[in-house]
Asks: 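Input: one structure, supplied below.
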Amino acid sequence: MNLPIVDSVEPQRPTATLPSSPAKTIALIGNPNVGKTSLFNRLTNLLAKTSNFAGTTIERRVGSLRFSRSAGTPPQPQIRVVDLPGVYSLDGTTLEETVTREYLDGVRSDAKIPLPDALVVVVDATNLQRSLFISRQALELGKPTIVAVNLHDVAARRGIEIDCEGLSRELGCPVVAVSARSGTGIEQLESLVLDATGESAATATVPECSSCSACPYAQGHQWAASVAAGNSRRRFVASAEWTDRLDRWMTNPWLGPVAFVAVMLFLFSLVFWLAQYPMEWLDGGFGGLAEVVGGVLPEGDLQSLVTDGVIAGLGGVLVFLPQIMILFFVLTLLEDSGYLSRAVVVVDRWMRRVGLPGQAFVPLLTAHACAIPAIMSTRTIADRRDRLVSIMVIPLMTCSARLPVYTMIAAMLFPQQALYAGLMFAGAYFLGMIAAFLMALVFKWSILPGQPAPLILDLPPYRMPSLVNALRTAWDRGWAFIRDAGTIILLISLAIWALSTYPKPSEDQLLSQMAAVQASESAVTLSSDADIDRLRSQLQQEHSALGRIGKVVQPVFAPLGFDWKTSVGVMASFAAREVVVSTLSILYGMGEDPGDEEIASLHTRLRTATTADGVRVFDTATSVALLVFFVLAMQCLPTQAVTKKETGSWKWAAFQFGYMSVLAYVGAFAARHLILALGIA
Amino acid sequence: MSPTSSLASEPVSPSAPVVSSQRLSAADCGQFQITGFELPSDQEHRLRTMGLYEGQSLEVLRRSDPVIFKVAGARMALARAIAGGVHVASANGG
Ligand SMILES: Nc1nc2c(ncn2[C@@H]2O[C@H](COP(=O)(O)OP(=O)(O)O)[C@@H](O)[C@H]2O)c(=O)[nH]1
Ligand SMILES: [Mg+2]
């Protein structure tokens, strides 16, 4: 569902040999964590577009080189820069390595990222030995190649000196020391890129003694180690490294989990605390907008479509953005700092027991903001079985769309008892997590058998993360959410609006029904116009497609204690769960958009609502059943669409819906009857 | 945790010079050399691309699950299941 953005208007590039070829392309390759993305951000001034290699979940970024040289130089040619995934070798078998190789071989190049004219191999100055290995494979491709020795600033601080000229002689290609952080050497790199993409660029030659193919890895690594040793030296031995010291705590079997829990608690509170402000502004902003527009448009279906359909729908999309972006901002800081891989080490052992790989913990964490970016971020899990299990259980985590529902139920169960309400919230979060782990275990025993792929993980050194990189990633993720989920959420909001608006009762029907209500229920006094309006929209809702569906399915939900109004709310919430609050608010006669005070009275009304024979609708057992149902049910069509997209089949989306619905129903039934059996009022 | 508690079946005597190879999952903290692999080919290949090959030296930092060690100037974590398929020999005989 890619919207056509900048890329598609770019002209199809003619074959690379044409001299008039408008733009050259360079590709950044190198190990993970050597600073490719940071360097890419430097070179492109953060103006880039992230997309996937066709048919895969492997990301690539493409941008134009923005020359940092002072103005006055002749107009610079257009050079396209491609940031590739981090790989350890070009003949590896992981998905990243396969895709990277296929791109460099021309199999996966397309109009957006044509075959590169030159390569920039990024290596790590603090560990040349490891990162030089791939440069040899890159040189074997025979393209003009530049080796950028990044992290120059860190190396200098640690007393590591690198002889770039010596390296250049041995590798047979230009070598430049750079720092993506401080900007050192970037101009030099740019002019080398100009040379390499120019007409007379020298193609790379393979460094000597690479003909031995009997033991390519040992040989390649030994070559890298000797080149590294020959061209770098330590001026002084840096005092005990930070990484060693920190790792003594962070990966300790006892202290590691404690540190992990502390970091995660901190992260959660930070994200929720920070996000509440922009969420309030957005909510208020869209509320205000709806009011203004509602005032301008004449009353009627169009007004209702625009305010309740379009504006409410847009607001429903954007309200999740703050949490998603802040979460990814903080997560990127954590990842770039090096801590995230330690966290994987800590949780891997525990998650493995239920059949989830350690890498799944970041997506599971993200799911507490929203399942959609969480499912997208399972792309980092290489093994398909592991990825499927993760995607299947992710929506069980309590996402922010459930919070308004929890708030409503807390008010029904524990009015004015903040402590109990808080415990109920914690219980709901906990129930979601436990359910996710149990279901992962069930899948491991049933449809997705096998062990999660055993952990092979690089633990990068701890580094000071960069705010710019984190902002860039937060922006990317936010945009991906809007692009992939925004349109779906909007469409669904419109569909719900239509279903709950049409068909409309005729004016006669309305009037006679209103008269009937007045006659039968003495409690209902239609004292003001507002009351009459409420009753009107209540009756309309009942008459609408959604209302009828609710009445039809009510027998299904009767064992859970739901009346037909609640059933309508539940049916509506299968498209998007937060809808239940506004639906119940209409059905229990509160008008469409409950404000803060009205929310309070909605809660009172719900708590005191009675059936025709005077029994409370939301007694404790029913309220708890409702809570359990909303914790466990798959009530989010956009998530389903993303599941389909990421698993490549509707089958998995349907399965996810099916098992979660059954789980929710059984869970709610059990909870209700447990409470009834215990006799809790 | 006592270093040998979980592996009673493979006695490690610190005084005797360890010449024969042992599994990385059973290795104590210290310097080792890789002597061979006994792994599915894709996992072996993956490790080789990351700089693990016969004759490469590594330093075990933590013998937990996963095993944490330094190799080729980098730090790595390997699940016990995989570390069990990497054979190493003590680098210095004593
Ligand atoms: N001090 C310093 N840190 C850097 C430099 N380049 C990258 N980093 C940091 O190294 C980490 C990994 O960088 P990233 O660009 O994500 O690497 P990639 O995995 O190769 O794309 C991040 O924390 C960066 O902020 C540099 O030149 N100097
Ligand atoms: Mg990167």
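To find a chain, count down the sequence lines: A is the first, B the second, and so on, and within it residues start at 1.
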Asks: Side chain from CB out, backbone as N, CA, C, O: work out which of these in Asn252(A) comes under 4.5 Å of a heavy atom of chain B, or both, or neither.
Replies: both
Asks: Can you tell which of Val345(A), Thr251(A), Ile134(A) has the highest number of heavy-atom pairs within less than 4.5 Å of chain B?
Replies: Thr251(A)
Asks: Do you know which of Gln56(B), Met76(B), Gln43(B), His45(B) has the most heavy-atom pairs under 4.5 Å to chain A?
Replies: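 Ranked by heavy-atom pairs under 4.5 Å with chain A, first place is His45(B).
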Asks: Is it the case that Gln22(B) and His87(B) place a side-chain donor and acceptor less than 3.5 Å from each other?
Replies: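 Side-chain D/A pair, Gln22(B) to His87(B): absent.
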Asks: Test your reading of the model: is there a side-chain donor-acceptor pair from Ser341(A) to the backbone of Gly338(A), 3.5 Å cut-off?
Replies: yes
Asks: If the threshold is 4.0 Å, N to carboxylate O, is there a salt bridge linking Arg130(A) and Asp124(A)?
Replies: no
Asks: Hey, are Arg463(A) and Asp336(A) close enough for a salt bridge, meaning a charged N less than 4.0 Å from a carboxylate O?
Replies: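 Salt bridge between Arg463(A) and Asp336(A), a charged N being under 4.0 Å from a carboxylate O: no.
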Asks: Contact part of Asp247(A) toward chain B, heavy-atom cut-off under 4.5 Å: side chain, backbone, both or neither?
Replies: both
Asks: Working to the nearest 0.5 Å, report the span between NZ of Lys70(B) and OG1 of Thr243(A).
Replies: 8.5 Å
Asks: Under a 4.5 Å cutoff for heavy-atom pairs, which residue among Pro66(B), Gly55(B), Ala83(B) has the most contacts with chain A?
Replies: Pro66(B)
Asks: Taking only Lys NZ, Arg NE, NH1 and NH2, and the carboxylate oxygens of Asp or Glu, determine whether Arg48(B) and Glu44(B) approach each other closer than 4.0 Å.
Replies: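 Yes, charged N to carboxylate O under 4.0 Å.
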Asks: Please classify the contact between Glu97(A) and chain B as side chain, backbone, both or neither, with a heavy-atom cut-off of under 4.5 Å.
Replies: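 Contact with chain B: side chain only.
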Asks: So for Asn127(A), is it side chain, backbone, both, or neither that comes closer than 4.5 Å to the heavy atoms of chain B?
Replies: side chain
Asks: Side chain, backbone, both or neither: which part of Leu78(B) has a heavy atom under 4.5 Å from chain A?
Replies: both
